[in-house]
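Quick note on labels: first sequence line is chain A, next is B, and so on, each numbered from 1. All values reported here derive from a predicted model rather than from experimental measurement.
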Number of protein chains: 2
Amino acid sequence: METKPNNVTKIPGSVIRRLPKYLVQAKRLRQEGIEWVSSDVLADTLALTPSTVRQDISHIDFHGISKRGYSTAGLETVLARTLGADQESVCVVIGAGNLGRALAIHEEFARQGFRICEVFDNNPAVIGKKVGRFMVQDMSELPNIVGRLKVMIGIVAVPHDAAQAVADRLVMAGVRGLLNMTTAHITVPERVALVDARIIASLRELAYAVKVNERPS
Amino acid sequence: METKPNNVTKIPGSVIRRLPKYLVQAKRLRQEGIEWVSSDVLADTLALTPSTVRQDISHIDFHGISKRGYSTAGLETVLARTLGADQESVCVVIGAGNLGRALAIHEEFARQGFRICEVFDNNPAVIGKKVGRFMVQDMSELPNIVGRLKVMIGIVAVPHDAAQAVADRLVMAGVRGLLNMTTAHITVPERVALVDARIIASLRELAYAVKVNERPS
DNA sequence: TAGATTGTTAATCGATTAACAATC
DNA sequence: TAGATTGTTAATCGATTAACAATC
């Protein structure tokens with residue numbers, strides 16, 4: 001008997017980056033009491049083609065039904081399981097500046113299953129200070145806490161120039177994935193995952209698009 | 001005489017999304033006193049191929065020199081001009097929750113040329129309250145302020161369910177581009193640019209990558 | 001049953017990479 | 001000059017879309 005490849009085979013990045021959008025829609029539709037959704041409707045609401053939707057869903061361990069479409073509840077469940085959204089991911093935030101503090105107290109992360117357990121900084125002036133329900137920890141505590149609380153993800157919210165050094169310490173401490181909130185380019189070993197949040201880059205992309213739209217010839 | 005196509009032709013999105021990384025590197029190298037950089041070195045530091053770097057730079061109105069490479073100062077200048085990073089972009093933040101407040105006071109945006117001029121909310125309990133140097137404005141003031149201050153970009157930092165309605169009001173007010181900080185899917189007219197910040201989606205991508213790395217067979 | 005909709009194969013499109021002539 | 005490095009063309013690779021047989 002062959003194993004289903006769906007959960008084992010690595011899903012391409014292009015697909016993985018769309019799955020959260022399907023998850024949001026499946027959840028919304030299910031909450032609205034809509035039980036079935038077709039690839040056509042999903043494609044319409046997300047500005048994709050039905051082909052893309054069906055191809056994407058074929059990567060996860062879930063099947064639609066001819067003539068009815070996809071069960072919204074089923075889709076939600078399987079997408080959540082595939083993405084790991086059915087389990088809490090323990091995170092730490094490094095950097096207790098404006099951005100770091102904001103991320104730490106932004107309730108949405110916890111609501112979405114990303115539990116921030118500590119906030120760190122290396123500035124003696126802020127170590128020990130309160131940030132929401134957190135007391136800012138000294139960076140030297142990082143390895144202890146990562147080990148003890150099984151921290152999976154480190155969120156890098158420090159000044160640009162400190163980003164790589166902080167990333168190195170997170171990797172050393174045993175974190176498995178990094179979210180880079182800075183504009184710096186960070187390098188990590190292959191066993192560690194890295195995603196750039198690209199907020200400034202997204203704003204630049206917008207500024208460029210606005211400029212190009214201005215003279216549409 | 002033919003016009004240079006570089007500033008006129010629209011640069012593909014895949015390329016535009018890499019240009020901010022080149023800009024960061026060019027600036028860093030220039031500040032370190034390094035005057036020239038080759039496509040090989042840039043590729044190495046950014047985990048790209050030299051071919052990709054040369055192809056990307058060929059989209060902007062700038063040329064390297066055989067045997068020396070690219071002038072870091074020249075590259076910085078032209079990239080900044082191409083992306084619009086040499087000019088201030090006026091932004092508003094909608095939503096004075098934790099995330100909105102944080103974005104409003106995060107100095108990095110201003111430092112990168114994204115000047116936030118006002119923060120809005122529709123909750124009477126927060127309207128008129130101070131957020132850093134801002135006083136939270138009533139949403140009804142949006143059209144006035146967008147018109148008067150020539151606001152280019154609206155940053156949508158409201159709860160998920162309010163995202164589309166807020167986007168509609170920003171578009172109506174005359175904003176030219178939207179940065180969507182929520183997980184909602186937003187639809188805008190073609191003349192308006194939209195970029196998803198995808199912070200939660202990035203964390204999901206990370207959680208998935210961590211899970212897949214765990215059993216690497 | 002007839003028709004709607006999936007799942008999948010094949011075709012197209014676009015992005016990345018390789019190769020190399022031009023050139024400083 | 002000789003050799004390093006660009007700019008560009010051609011080849012490859014991967015992602016998206018189209019088409020359609022299977023099926024509920």
Side-chain angles (χ1 to χ4, degrees), chain A residues 2 4-7 9-22 25-26 29 34-75 78-79 82 201 205 208, chain B residues 2 4-7 9-22 25-26 29 34-75 78-79 82 201 205 208:
Chain A
E2 304 201 7
K4 278 257 160 156
N6 299 314
N7 281 329
T9 312
K10 204 177 144 201
I11 301 171
S14 55
V15 176
I16 282 292
R17 282 186 283 276
R18 278 189 297 267
L19 297 189
K21 284 240 167 187
Y22 300 133
Q25 290 308 313
L29 292 165
I34 296 167
E35 287 178 41
W36 298 92
V37 65
S38 67
S39 56
D40 242 75
V41 168
L42 273 176
D44 262 15
T45 48
L46 295 177
L48 303 168
T49 65
S51 277
T52 300
V53 173
R54 293 203 294 276
Q55 285 272 29
D56 287 350
I57 293 176
S58 78
H59 285 278
I60 67 172
D61 187 12
F62 180 71
H63 290 268
I65 294 175
S66 296
K67 210 177 168 177
R68 277 196 277 183
Y70 303 97
S71 147
T72 54
L75 191 56
V78 179
L79 278 173
T82 306
E205 203 180 327
Y208 175 78
Chain B
E2 302 202 7
K4 277 256 161 157
N6 299 313
N7 281 330
T9 312
K10 204 177 144 199
I11 301 171
S14 55
V15 177
I16 282 293
R17 281 187 285 275
R18 278 189 297 268
L19 297 189
K21 284 240 166 186
Y22 300 134
Q25 291 308 314
L29 292 166
I34 296 167
E35 287 179 42
W36 297 91
V37 64
S38 67
S39 55
D40 241 76
V41 167
L42 272 176
D44 262 15
T45 48
L46 295 176
L48 302 167
T49 65
S51 278
T52 299
V53 172
R54 293 203 294 275
Q55 285 272 29
D56 287 351
I57 293 175
S58 78
H59 286 279
I60 67 171
D61 187 13
F62 180 70
H63 290 266
I65 294 174
S66 296
K67 212 179 167 177
R68 279 197 276 181
Y70 303 96
S71 147
T72 54
L75 191 56
V78 179
L79 278 172
T82 305
E205 204 180 327
Y208 176 78

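The backbone N or O of B:I11 lies less than 3.5 Å from a partner atom in the side chain of A:Y208, making a donor-acceptor pair.
In this view, B:Q55 and B:S58 satisfy the side chain to side chain contact (heavy atoms under 4.5 Å, CB included) rule, not counting sequence neighbours. Residues passing the side chain to side chain contact (heavy atoms under 4.5 Å, CB included) test with A:D40, sequence neighbours excluded: A:S38, A:P50. Not counting sequence neighbours, B:R54 has no partner by the salt bridge (Lys or Arg N to Asp or Glu O under 4.0 Å) test. Scored by the side chain to side chain donor-acceptor pair (under 3.5 Å) test, B:T72 finds no partners at all (sequence neighbours excluded).
Nearest-nucleotide assignment on DNA chain D puts the 5′-proximal partner with B:S38, out of B:S38 and A:S51. Residue-to-nucleotide proximity on DNA chain D shows that, of A:Q55 and A:S66, the 5′-proximal contact is made by A:Q55.
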Legend entry - Dot-bracket encoding per residue of DNA chain C, Watson-Crick/G-U cut-off under 3.5 Å, | denoting interstrand: ..||||||||||||||||||||||
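Among the atoms of the strands shown, base atoms are found under 4.0 Å from some heavy atom of B:T52. At the heavy-atom level, A:R17 lies nowhere under 4.0 Å from the strands shown.
Side-chain contact between A:L46 and A:T52 is absent, with no heavy-atom pair separated by less than 4.5 Å. Residues A:L29 and A:V41 are not in side-chain contact: their nearest non-hydrogen atoms beyond the backbone lie 4.5 Å or more apart. At a threshold of 4.5 Å between non-hydrogen side-chain atoms, the residues A:Y22 and A:V53 count as touching.
Extent of DNA chain C lying under 4.0 Å from chain B heavy atoms, first and last nucleotide in 5' to 3' order, is C:dA15 to C:dC24.
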